[in-house]
Amino acid sequence: MRTISLILLILCIPLIFAGCDHRNGVMYHPKEMEVIVSAETTVPGGALVKSKSRSKSRSKAHDDTIYVSLRDSTNRVFGLRAMLEKKLADSGKRITANPSEASCIIQVQILSAQKVDPEQARTAMRARYGGELPPEGNGAAMIMADIIFAPRVVPAASSNKQLLANTSARSVKERCMLRIGVLAPGAGRLDTSLGSMSEKLAEAIGDTFNSTY
């Protein structure tokens, strides 16, 4: 009888620890995460402009056609592009796989997905596009990305076909350069938090884009 009880206890130990890992992944729901957005906008030539000065002269035919480009320097974040495209599509944007059709290109580069010291992470997230990255640490999990919104000037045309054919006349009107980070203070294992953190990052990018354009 003792032998049977001991065997059952040994078999249950991995399940107990697996359950703890699962709870670590579920407990950090996106609503409990911090999102920090730092942004600046430049026009060709590098001059800074205020968000309210953006022109509304683009052709309405392709105002809402978006191309999303994503690079993951960490090789740890999966499915973010699809999440972001769904977020944009749900808000009425048309997603294209051809950048020449887009009235705006969104470029996302995942820079960091790691455990960090919360204060060092917050400092790095406020550093704006191209700033330094935080070192690995303890106390929080973080995903951070540098992002460019690049709306393009689209010439007026009498039809969509003419508009798409005239891609040489398109040019980037301005660049909105952002750093967006998602921080989960107190997160357990990184791998059990990345899914919900990726969803939160996609939501933050989509909401920032929709509020800007």
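Worth knowing before you read on, the calculation uses all heavy atoms, side chains too, and leaves out hydrogens, waters and symmetry mates. Quick caveat, the model's predicted, so the values are computed rather than measured.
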* **Ser112 and Met125, any side-chain heavy atoms less than 4.5 Å apart** =>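 The answer is no, as the side chains (C-beta and beyond) never meet within the 4.5 Å cut-off.
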* Asked: How about Pro134 and Met144: do any of their side-chain heavy atoms sit closer than 4.5 Å?
  -> yes
* Counting only N and O atoms by type, is there a donor-acceptor contact under 3.5 Å from the side chain of Arg175 to the main-chain atoms of Ile148? -> no
* Asked: Within the distance-only criterion (no hydrogens, no angle test), does the side chain of Gln107 pair as donor or acceptor with the backbone N or O of Ala150 below 3.5 angstrom?
  ->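 No: the side chain of Gln107 does not pair with the backbone of Ala150.
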* To do: Test Asp146 against every option in Arg179, Gln109, Arg71 by the side chain to side chain donor-acceptor pair (under 3.5 Å) rule and name the one that passes.
  =>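 Answer after filtering Arg179, Gln109, Arg71: Arg179.
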* Asked: By the rule that ILVMFWY residues connect when side-chain heavy atoms come within less than 4.5 angstrom, directly or transitively, which residues belong alongside Tyr67?
  -> Ile105
What is the minimum heavy-atom distance between [X] and [Y], and which atoms define it?
| X | Y | value |
| --- | --- | --- |
| Leu178 | Tyr129 | O-CD1, 3.5 Å |
| Lys93 | Phe209 | CE-CE2, 3.8 Å |
| Val116 | Pro135 | CG1-O, 3.7 Å |
| Leu201 | Ala145 | CD2-CB, 4.3 Å |

* When you check the side-chain N and O atoms of Asn98 and Ser100, is any donor under 3.5 Å from an acceptor? -> yes
* To do: Could you tell me whether the side chains of Asn210 and Lys87 share a donor-acceptor contact shorter than 3.5 Å?
  => no
* For atom CG of Asn138, is the number of surrounding heavy atoms from other residues, nucleotides or ligands below 6.0 Å larger than 12? -> no
* To do: Can you measure from CD1 (Ile110) to CZ (Arg76) and round to the nearest 0.5 angstrom?
  =>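 It comes to 12.5 Å.
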* Atom pair CG (Asp72) and CG (Leu80), whose distance is rounded to the nearest 0.5 Å -> 8.5 Å
* For residues 125-145, pull every pair meeting salt bridge (Lys or Arg N to Asp or Glu O under 4.0 Å), keeping only residues two or more places apart or in separate chains. => Glu40-Arg128
